[in-house]
Structure formats: structure tokens, C-alpha cells
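To start, the structure itself, in C-alpha cells.
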Amino acid sequence: MRYQGNKYPKSVTSGQPKIDSFTKEWKIIPLRKALEQIFRPISLAEEEEYQLVTVKRNRGGVVPREVLLGKQIKTQNQHILKSGDFLIARRQIIHGACEFVPEYLDNSIVSSEYDIFQTKPELLSEYLKFLIHTTYLQQTFFQSSIGVDIEKMVFKTNRWLKFPIALPPIAEQKKIAEILGMCDRQIELTEKLINSKNKLKRGLMQKLFSQEIRFKQDNNCLFSNWKTKKLGDLCSITTGKLDANAMVDNGQYRFYTCAKNYFYIDNYEFDTNALIISGNGANVGYIHHYEGKFNAYQRTYVLDEFFENIFYVKFFLDKFLKARIYKEKKEGNTPYIVMSTLAEMKILIPSLEEQNKIASLFLSCEKDIKKLELILETFKKQKKGLMQQLLTGKTRVNITP
């Protein structure tokens, strides 16, 4: 049975389902025919504890917010959740603000600013978990919202439920969910490996820079004692000279601002082996390393002409610079770096041989992490491609036993 009217909203174009792309077994139905709204109002007991949950933005999942006593809850408009419930937030950034309740949050509560649904027999919840994050349905969230300020948009659930979705038979839904579930497990495993590697790196930094563990010479003796020097005595420190908007498309040289990524520009000011440090903004203290020709924003610090191992200094700054910046931060001010923040910063300096060993160890850690990050990005792209193919019927799965 096709969706009555046989037309889709004209404002939703990218990724919308095409009836002709499905075989006869696929149905096109409005969402409201596949979801059932649930109302479970709670009778609050004054001394009983209730786990309040919320939906994090941008696919963050359903997460515990706080535990409240019944007498602390000011409104009776709370609802009990069951694992498998599908939550939709009506008042926050709507893009992706919908999730399924996990089993460990069964019997928690949610405010009346959420609508609660359960899937009907013709729609597997495992399938909907992927379907709601397709381009088409994500666009429908905005089409179903009102308000000018994105932070204050109100989601109109009834509008959203009118949008059509394409449903394969249950057996095919199950198979598609299994395939995409395997993709998620690959992604999750890789993310855990990355987190584990980063944790190992942080642990090694703590132990090495505190000298709790030391490298030894070939004769099994420790290297010479560490010295304390000011960063300004180890290198030259300057700043860029350009405005942040000086970048150009398809420029020949890298242009560093206070962002984590770099841009491009047609002229260069520096031709050196340098550490480039963000001087303000959300990424204050973030450190790039680059050797070659580049240019920089005026609030970006360029450190070069090092007398010590540049990578050793970078890793030391990675560990301690942020703490120095926030220690100098004045109450109420946005943190930023002044020249003395860097020039006067004290650096523990081992012998050059020990610096080299420490730098080599951390470079190896970073290399492993970057490899895993590339693998993670590949898995995410593969999943995105599979979702586009499987959830639009462009690629069919074999459901023969």
C-alpha cells in the first residue's frame, strides 16, 4: 500500500525515498502508522528517588541527568520510561534529538517536554534506530520545527509523524539492522582502542615528566639530571600578522589560525620547523607541528629555532600548557595567551639523548592513534554509504535462510 496522496513535501529533497526505487514488498507509509504514542504519567512519592534522564544533542544517546526525590520535583508532568521506548525532544536543538531508552534506564523518568513512542509490529525498533539518522528524516526534523532561534525551536511531533517512510518486510528490516549493527560494533571497538591508546599516552606522560620512570643509557645507568629552563630560552617566539579571514580557497600554503584545522593562503611568512600555538578562542593552547612554508593569524604563536628536541618540547607543552593558561586566567575572562605565558613557562629539560627517547615514544603513540583514527573514519564512511544504499532500497539484502 502506498502513502495516500503519493507526494512528498517539496521542501524535503535530499535523500527522500523514491517509490520507484522499491520493489512491491516495500511500503510507503506515514510515520504515524508505524509508531504508537505512549503516556505513562507517574504518581510521585515524596521520599522516593527518581532517575531523571535527558536526550543529549547530536546523537549523544539517552543519559542520566540527576537523581531527585519526589518532593524535589516541582511538576507532576513526568512519565515513566521502559527500555525500548523512543523519545523525541520538543524543546532543544532538534537535529538528532531523538533516541531509544536503553535497558539500564528502564523505569527512569522524563519530563513532559518529551514525547514517548513505541514501534508497531510492522516497524522494528532496531531498524528505526538507523532510519531516523538518514538525511531524509533528519531534514524532516527541521521541517517539523517552528521558531527563528535554533536554540529555542519547538518541535511539532504531529507534523513529523505525517512524513512518509519506506518500510521493507520485517525480515529485510532485521537483516539491514544486523548489517548496520555490525558497522556500529566496528566503530565502537575502534573508538575504544583510540581511547585506550590516548589513556596510555596520558599515563606515560605523567610518569615520564614527573621522572617516576626514566630511560637509561646502554650501560644501564640513568642519563644526567634534568634541568629547568624557560621556554623563551629554548626557542624563538613570535606571532603571525594576519587577520583570521585572510585564508583563500585553494591557496598554495598552509594558514594557521586558532582552529584545530588549518586553512590555505597564497603567501607565506614563515619557512621553518615550528610549533604553532592557538592564542585564544575555544582551542586556546592547541599545538600544531609543521615544517615548511606557512602563514599565521596574529593571535597565533610561532615557536621555532629550537635548541632542544622540538617534539619533546611539544609533548611537554601538550601536558602542562593548558594548566598554565587557566592558572593565569582572570575571573570572568575568556582564557588567552600573552607572550609571557609562553616565554616565562618553565620546562624540565633532560639530556638530549633522553629527550630523543621520550619524543620517539610519544611519536610512536601518536602514529598508532592516527592510524586508528583513519580506520575509524573509513568505518564511518562505509556505514554512511551502506545506510544510503540499504535504507533507500538501492541495494537489497538476501533474506533467504
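Because the structure is predicted, anything quoted here is derived from the model rather than measured.
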Margin query: Rounded at 0.5 Å granularity, tell me how far CE in Met247 sits from OG1 in Thr257.
Written below: 5.5 Å
Notebook entry, point to check: Is there a donor-acceptor pair closer than 3.5 Å between any side-chain N or O of Thr300 and the backbone N or O of Ala296?
Noted result: no
Check: Do Tyr114 and His79 have ring centroids that are under 6.0 Å from one another?
Finding: no
Check: Does the pair Lys293/Glu269 count as a salt bridge with the N-to-O cut at 4.0 Å?
Finding: no
Next item on the list: State the CG-CG distance between Leu123 and Leu167, to the nearest 0.5 angstrom.
Entry: 5.5 Å
Item checked: Trace of the side chain to side chain contact (heavy atoms under 4.5 Å, CB included) decision for Ile347 with Asp233 -> CA-CA 10 Å; Ile347 310 291; Asp233 295 331; over 6 Å; no
Next item on the list: Evaluate the side-chain proximity of Val302 to Ile277: yes if any heavy-atom separation is below 4.5 Å, no if none is.
Entry: no
Note to self: I'd like to know if the side chain of Gln217 pairs up with that of Glu353 as donor and acceptor (distance under 3.5 Å, no hydrogens or angles considered).
What the structure shows: no
Margin query: Can a side-chain donor-acceptor contact be found between Gln206 and Lys319 if the only test is distance below 3.5 angstrom?
Written below: yes
Checklist line | Side-chain donor/acceptor of Arg299 to backbone N/O of Ile337, under 3.5 Å | finding: yes
Item checked: Donor-acceptor contact present, side-chain Ser278 to main-chain Asn280, <3.5 Å -> no
Check: Within the distance-only criterion (no hydrogens, no angle test), does the side chain of Glu36 pair as donor or acceptor with the backbone N or O of Gln118 below 3.5 angstrom?
Finding: no
Notebook entry, point to check: Are Leu242 and Gln298 close enough that some pair of their side-chain heavy atoms sits under 4.5 Å apart?
Noted result: no
Notebook entry, point to check: With the threshold set at 4.0 Å, does a side-chain nitrogen-carboxylate oxygen contact exist between Lys192 and Glu188?
Noted result: yes
Checklist line | Expected output: side-chain Arg254 to main-chain Phe294 donor-acceptor under 3.5 Å | finding: no
Margin query: If you compare all heavy atoms of Ser83 against all heavy atoms of Asp106, which two are closest, and at what distance to 0.1 Å?
Written below: N-OD1, 3.3 Å
Notebook entry, point to check: Which is it for Val110 and Leu52 under the side chain to side chain contact (heavy atoms under 4.5 Å, CB included) test, yes or no, and what are the steps along the way?
Noted result: CA-CA 6 Å; Val110 69; Leu52 183 66; 5.5 Å; no
Notebook entry, point to check: Can you tell me how far OG1 of Thr341 sits from CD1 of Ile237, rounded to the nearest 0.5 angstrom?
Noted result: 10.0 Å
Notebook entry, point to check: Distance-only, no hydrogens or angles: does the Asp243 side chain make a donor-acceptor pair with backbone N or O of Asn245 under 3.5 Å?
Noted result: no
Item checked: Test of ring centre spacing under 6.0 Å for Tyr262 and Tyr256 -> yes
Next item on the list: For the residue pair Tyr50 and Leu69, establish whether any side-chain heavy-atom pair is separated by less than 4.5 Å.
Entry: no
Margin query: side chain to side chain contact (heavy atoms under 4.5 Å, CB included) for Cys183 and Leu386? Distances and angles first, verdict last.
Written below: CA-CA 9 Å; Cys183 293; Leu386 277 172; 3.5 Å; yes
Checklist line | Check: Ser108 main-chain N/O paired with Gln51 side-chain donor or acceptor under 3.5 Å | finding: no
Note to self: Tell me whether Thr378 contacts the main-chain N or O of Leu374 through its side chain, where contact means a donor paired with an acceptor under 3.5 Å.
What the structure shows: yes
Notebook entry, point to check: Given side chains that start at C-beta, do those of Leu303 and Tyr301 come closer than 4.5 Å, heavy atoms only?
Noted result: yes
Notebook entry, point to check: With distance as the sole test, does Asp85 use its side chain to make a donor-acceptor pair with the main-chain N or O of Leu81 at under 3.5 Å?
Noted result: no
Note to self: If you define the side chain from C-beta out and look only at heavy atoms, does anything of Ile176 sit under 4.5 Å from Tyr127?
What the structure shows: yes
Next item on the list: Indicate whether any N or O donor in one side chain lies under 3.5 Å from an N or O acceptor in the other, for Glu291 and Thr272.
Entry: no
Note to self: Looking at every non-hydrogen atom in both residues, tell me the closest pair between Phe311 and Ala359 and how far apart they are.
What the structure shows: CB-CB, 3.9 Å
Notebook entry, point to check: Side chains of Leu128 and Leu35: closer than 4.5 Å at any heavy-atom pair?
Noted result: yes
Note to self: What's the separation between atom CD1 in Ile194 and atom NZ in Lys370, rounded to the nearest 0.5 Å?
What the structure shows: 13.0 Å
Checklist line | Side-chain heavy-atom pair Arg396, Trp26 within 4.5 angstrom cut-off | finding: yes
Check: Counting only heavy atoms not in Lys207, do more than 12 sit closer than 6.0 Å to its NZ atom?
Finding: no
Next item on the list: Tell me, with the steps shown, if Ile116 and Phe39 meet side chain to side chain contact (heavy atoms under 4.5 Å, CB included).
Entry: CA-CA 7 Å; Ile116 308 170; Phe39 298 95; over 6 Å; no
Notebook entry, point to check: Mind checking whether Phe255 and Tyr264 have ring centres under 6.0 Å apart?
Noted result: no
Next item on the list: Could you label the plane-to-plane angle of the Phe209 and Tyr312 rings as parallel, tilted or perpendicular, counting under 30° as parallel and over 60° as perpendicular?
Entry: perpendicular
Check: What pairs with Lys230 under salt bridge (charged side-chain N to carboxylate O under 4.0 Å, His left out), at least two apart in sequence or on another chain?
Finding: Glu344
Next item on the list: Please work out whether the ring planes of Phe86 and Phe117 are parallel, tilted or perpendicular, with thresholds of 30° and 60°.
Entry: tilted
Checklist line | Side chain proximity check, Gln173 to Phe130, heavy atoms < 4.5 angstrom | finding: no
Next item on the list: Measure the CG-NZ distance between Asn107 and Lys82 for me, rounded to the nearest 0.5 Å.
Entry: 3.5 Å
Margin query: Under 4.0 Å between a side-chain nitrogen and a carboxylate oxygen: does that hold for Glu122 and Lys27?
Written below: no
Next item on the list: Taking salt bridge (charged side-chain N to carboxylate O under 4.0 Å, His left out) as the test, write out the residues that go with Glu354, two or more places apart.
Entry: Arg214
Next item on the list: Specify the closest pair of heavy atoms between Met205 and Phe315, including all atoms of both residues, with the distance to one decimal.
Entry: CE-O, 3.6 Å
Check: Taking the side chain from Gln355 and the backbone from Asn309, do they hold a donor-acceptor pair closer than 3.5 Å?
Finding: yes
Item checked: Listed partners of Lys322 passing salt bridge (charged side-chain N to carboxylate O under 4.0 Å, His left out), at least two apart -> none
Item checked: Spatial distance of atom CD1 (Ile349) from atom OG1 (Thr228) [nearest 0.5 Å] -> 8.5 Å
Notebook entry, point to check: Taking everything shown except Asp249 itself, do over 12 heavy atoms lie less than 6.0 Å from its CG?
Noted result: no
